S.K.: 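Dumping the structure here so I can ask a few things about it.
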2 protein chains.
Amino acid sequence: MASPRSPRRPTQADVARLAEVSPSVVSAVVNGRHDGAVRASEQTVQRVWEAVRRLGYSPNLAARSLAGGRNNIVGVFTYEAVFPTDRLSFFHDSLIGIEEAAEELDCHLLLFTGSRGRGQDGGRRRRSIYKDGVNTLQVTDGAVLLGQDEDREELAALVGSGFPFVYIGRRELGSGEMSYVTADYASATRGMVDRIADLGHRRLALLRSAIASEAVLEREAGYFEACRAHAGIESGAVHLVDPDAVATDLLTTLVDQGVTCVVTDDSNHAASVRSGATRLGLRVPEDLSVVALGDFAGSRPDDPTITSLLTPRQEMGGQAVRLLADLLARPQDTAPRRATATCGVRTGQTLQAPPARRPR
Amino acid sequence: MASPRSPRRPTQADVARLAEVSPSVVSAVVNGRHDGAVRASEQTVQRVWEAVRRLGYSPNLAARSLAGGRNNIVGVFTYEAVFPTDRLSFFHDSLIGIEEAAEELDCHLLLFTGSRGRGQDGGRRRRSIYKDGVNTLQVTDGAVLLGQDEDREELAALVGSGFPFVYIGRRELGSGEMSYVTADYASATRGMVDRIADLGHRRLALLRSAIASEAVLEREAGYFEACRAHAGIESGAVHLVDPDAVATDLLTTLVDQGVTCVVTDDSNHAASVRSGATRLGLRVPEDLSVVALGDFAGSRPDDPTITSLLTPRQEMGGQAVRLLADLLARPQDTAPRRATATCGVRTGQTLQAPPARRPR
DNA sequence: GACCTTTGATGATGCGCAATATCAAGGAAC
DNA sequence: GTTCCTTGATATTGCGCATCATCAAAGGTC
């Protein structure tokens with residue numbers, strides 16, 4: 001059976017012809033606006049829908065957005081491949097939240113793929129929002145952006161263009177404010193420090209990789225604030241280290257100084273510290289506790305045995321879409337939208353009360 | 001600093017005005033087509049680009065695709081949520097392949113979310129392609145479909161409408177042929193049986209759940225064919241069983257009959273069989289080998305210790321997009337497109353040579 | 001010098017749709 | 001019975017762009 005290959009997709013005009021009404025009515029009906037400027041009786045509405053079904057009409061996205069209307073499509077732009085081959089999908093949790101919220105708002109999701117074939121150095125290429133100087137996101141009503149490896153200049157340009165978007169993760173640009181969702185890292189960090197202090201730890205150390213994002217800095221601030229708030233808790237300056245190569249000599253020094261709990265940026269780093277400690281003959285957590293302030297998995301899978309704060313990615317994804325919806329609903333309000341999700345805590349197996357006496 | 005909220009984005013007309021050329025020339029130049037029907041001298045080209053830069057012009061994609069026809073968007077429709085909360089993403093591997101291929105074709109992906117708020121029985125609701133009788137996929141150039149829980153009637157309607165789409169997974173409809181990608185289950189199964197036979201097994205048993213998809217039936221056919229091909233290999237009829245509740249009495253019977261290798265539909269089922277065998281005091285694989293013909297994870301994570309065929313999901317995803325591209329490139333050829341990807345084999349730890357003597 | 005070809009441009013048209021302005025008819029108010 | 005409002009529609013415009021038909025002028029050929 002040869003399919004009745006229609007040479008052309010049916011348009012509103014076709015529907016109008018079949019239903020014997022004017023195109024305006026069709027437009028109004030299919031958009032549910034048939035009691036505003038353009039009105040239609042219940043009978044007419046039914047006739048229109050009937051014709052729509054008969055012809056298999058569906059709106060042309062491009063035309064709809066060209067004419068100024070919405071297209072109910074939310075863009076999702078990631079600076080890395082959304083579905084990476086080489087590692088656990090970093091975006092998966094966020095996408096769960098995004099999809100859920102989008103479904104609630106009755107929107108579909110447009111996932112932007114990278115522009116291929118530029119710079120073939122083999123490494124993971126960063127994607128770009130602009131292609132030939134053109135904002136590719138424009139086909140959507142607005143977009144949610146994710147990714148660690150963002151291009152700040154591009155973001156600044158995007159803010160300047162007035163295109164509605166929300167970043168998942170706090171991003172502060174030098175010029176121009178943007179909308180984002182973040183997590184309450186500072187207070188969650190304070191909570192974690194409280195917990196550490198309650199267990200009896202008195203000397204902590206913060207190890208951080210040299211590259212710092214807003215989130216990292218926020219956690220660091222929360223950390224020091226909490227340390228100050230706790231009488232008796234001491235923490236020296238932050239130690240900038242290579243998270244992959246554990247500096248065992250640094251560890252030795254710290255332990256000698258009476259540090260009983262090491263706090264790191266992320267769980268991978270914490271895992272490295274644990275191995276380093278083990279190599280030094282220290283048991284974790286009996287002799288030394290190790291705690292991570294972030295669960296970012298980097299290129300390796302996140303280790304669930306590490307006691308760590310958990311970024312509420314799913315919630316952040318949902319919030320981002322909802323902020324975007326607000327942005328679209330009230331475009332005249334140009335103020336950047338902000339939302340904060342609540343961090344979780346993974347108990348893990350790397351934090352307990354400090355040893356009665358200093359080890360060694 | 002208030003963003004320079006431009007009331008209107010510059011258009012080609014603005015550029016044309018500034019460059020003192022006609023809009024046609026601008027269009028031609030920015031698209032690099034200025035030596036076809038519309039021509040422009042090198043000088044003019046420079047003037048146009050200069051004006052483009054000065055104004056910060058960027059083309060409106062909606063208008064572009066409206067005027068052009070295609071929109072370079074491939075739909076991705078899944079009958080279940082793309083990013084499920086409650087289980088490992090079944091779709092993740094397929095999506096990797098889809099994204100890769102889409103990137104190669106310079107297409108973006110439109111992920112359809114479900115239509116919310118119909119039937120709130122709490123359970124996972126199947127999504128629908130048609131909403132109010134309208135094919136929602138039509139906003140894209142064509143679509144890739146996935147999912148176990150498909151609606152055959154809908155698919156038949158979709159085929160009838162002539163909308164270009166490709167299913168990931170073999171689907172045979174009673175009426176009308178559709179395009180799909182599948183895996184070489186039959187030959188992969190034969191390969192697996194060869195392997196089993198080469199190890200010395202002589203009596204096998206096939207356990208299958210009652211619900212059978214095309215893939216399952218194809219593997220079953222391949223299985224029996226391979227059994228026939230091997231002189232000395234015996235396999236009784238297929239045993240329809242509940243994959244979750246292991247029938248230990250059936251296992252006992254089989255082993256008593258001299259079966260040394262049980263073949264199942266999928267790895268979960270195989271895992272159940274293994275536990276059942278263990279409960280009977282049989283060691284796997286020393287006393288009894290267990291092999292799965294599929295790695296479908298169902299609601300539980302796939303067990304990597306099970307010796308199993310591996311569905312090449314990533315490759316299938318990529319193939320699907322490429323088939324779709326062909327469908328779009330040659331629409332006059334209405335024949336359904338088909339592709340077959342090569343199954344992998346996971347060695348696992350549940351298959352070895354049969355015991356020298358029958359156990360027990 | 002008559003004819004053709006190439007170069008360099010212009011203008012008109014329409015893609016499918018939303019929004020606005022307009023209009024006809026029927027009823028209620030006074 | 002004139003005015004006014006409501007209901008139910010239609011006609012028109014233009015979003016920004018690509019494409020096509022057209023055209024003027026310059027250069028080349030015999």
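The chains referred to below are lettered A, B, ... by the order of the sequence lines, with proteins before strands, and numbering in each begins at 1. This structure is a prediction, so every number in the text was calculated from the model and none was measured.
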S.K.: Please determine whether the number of non-hydrogen atoms from other residues, nucleotides or ligands lying under 6.0 Å from atom CZ of Arg53(A) exceeds 12.
M.R.: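 Enclosed.
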
S.K.: In whole Å, I'd like the distance from the CZ atom of Arg9(B) to the P atom of dG16(D).
M.R.: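 Value for this atom pair: 8 Å.
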
S.K.: Would you say Ser27(A) places a side-chain N or O within less than 4.0 Å of OP1 or OP2 belonging to dA19(C)?
M.R.: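 False: Ser27(A) side-chain N/O out of range (4.0 Å or more) of dA19(C) OP1/OP2.
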
S.K.: Atom CZ of Arg17(A) and atom P of dG16(C): how far apart are they, to the nearest Å?
M.R.: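 After rounding, the reported distance stands at 11 Å.
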
S.K.: Has Ser24(A) got a side-chain N or O lying under 4.0 Å from the OP1 or OP2 atom of dA18(C)?
M.R.: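 Answer no for this pair, as no side-chain N or O of Ser24(A) is under 4.0 Å from OP1 or OP2.
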
S.K.: When you measure from the side chain of Arg9(A) to the backbone N and O of Ser58(A), does any donor-acceptor pair fall under 3.5 Å?
M.R.: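 Answer holds: yes.
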
S.K.: So, is Asn31(B) close to the dA18(D) phosphate, meaning a side-chain N or O under 4.0 Å from OP1 or OP2?
M.R.: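 Affirmative; the distance criterion is met.
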
S.K.: Using whole Å, what does the distance between atom P of nucleotide dA18(C) and atom OH of Tyr57(A) come to?
M.R.: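 Rounding to the nearest Å, OH of Tyr57(A) and P of dA18(C) are 6 Å apart.
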
S.K.: Using only side-chain N and O atoms of Gln12(A), determine if any of them is under 4.0 Å from OP1 or OP2 of dA18(C).
M.R.: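 For dA18(C), OP1 or OP2 has a side-chain N or O of Gln12(A) closer than 4.0 Å.
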
S.K.: Which residue, Glu20(B) or Ala63(B), contacts DNA chain C at a nucleotide closer to its 5' end, judged by nearest heavy atom?
M.R.: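 Its nearest nucleotide lies further toward 5', so the answer is Glu20(B).
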
S.K.: Which word best sums up how the rings of His92(B) and His92(A) line up, parallel for under 30°, tilted for 30 to 60°, or perpendicular for over 60°?
M.R.: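 Plane angle over 60°, so perpendicular.
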
S.K.: Let me know the distance between CG of Leu66(B) and C1' of dG16(C), rounded to the nearest Å.
M.R.: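 To the nearest whole Å, that distance equals 5 Å.
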
S.K.: Does dC17(D) have its OP1 or OP2 closer than 4.0 Å to a side-chain nitrogen or oxygen of Ser65(B)?
M.R.: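 No, no such contact exists.
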
S.K.: May I ask you to evaluate whether Arg64(A) reaches the phosphate of dC15(D), defined as a side-chain N or O under 4.0 Å from OP1 or OP2?
M.R.: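 Answer no for this pair, as no side-chain N or O of Arg64(A) is under 4.0 Å from OP1 or OP2.
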
S.K.: How many Å lie between CG on Asn60(A) and P on dC17(D), as a whole number?
M.R.: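 Roughly 16 Å, once rounded to whole Å.
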
S.K.: Checking the side chain of Asp151(B) only, and the main-chain atoms of Glu153(B) only, is there a donor and an acceptor separated by less than 3.5 Å?
M.R.: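 Yes: the side chain of Asp151(B) pairs with the backbone of Glu153(B).
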
S.K.: Can a side chain N or O of Ser22(A) be found less than 4.0 Å away from OP1 or OP2 on dT10(D)?
M.R.: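 The answer is yes; a side-chain N or O of Ser22(A) sits under 4.0 Å from OP1 or OP2.
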
S.K.: Quick one: is dA9(C) close enough that its OP1 or OP2 comes under 4.0 Å of any side-chain N or O from Arg39(B)?
M.R.: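 Indeed not, no polar side-chain atom of Arg39(B) lies that close.
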
S.K.: For DNA chain C, whose closest nucleotide is more 5', that of Ala13(A) or that of Ala37(A)?
M.R.: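 Closest to the 5' end, via its nearest nucleotide, is Ala13(A).
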
S.K.: Would you kindly give the CG-to-P distance between Asp35(B) and dT19(D), to the nearest whole Å?
M.R.: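 Rounding to the nearest Å, CG of Asp35(B) and P of dT19(D) are 14 Å apart.
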
S.K.: May I have the distance from His34(B) (atom NE2) to dT7(C) (atom C1'), rounded to whole angstrom?
M.R.: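 Nearest whole value for this atom pair: 13 Å.
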
S.K.: What is the distance, rounded to the nearest whole Å, between atom CZ of Arg47(B) and atom C1' of dG8(C)?
M.R.: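 Distance, rounded to whole Å: 12 Å.
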
S.K.: Classify the angle between the aromatic ring planes of Phe112(B) and His108(A) as parallel (below 30°), tilted (30 to 60°) or perpendicular (above 60°).
M.R.: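 Perpendicular.
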
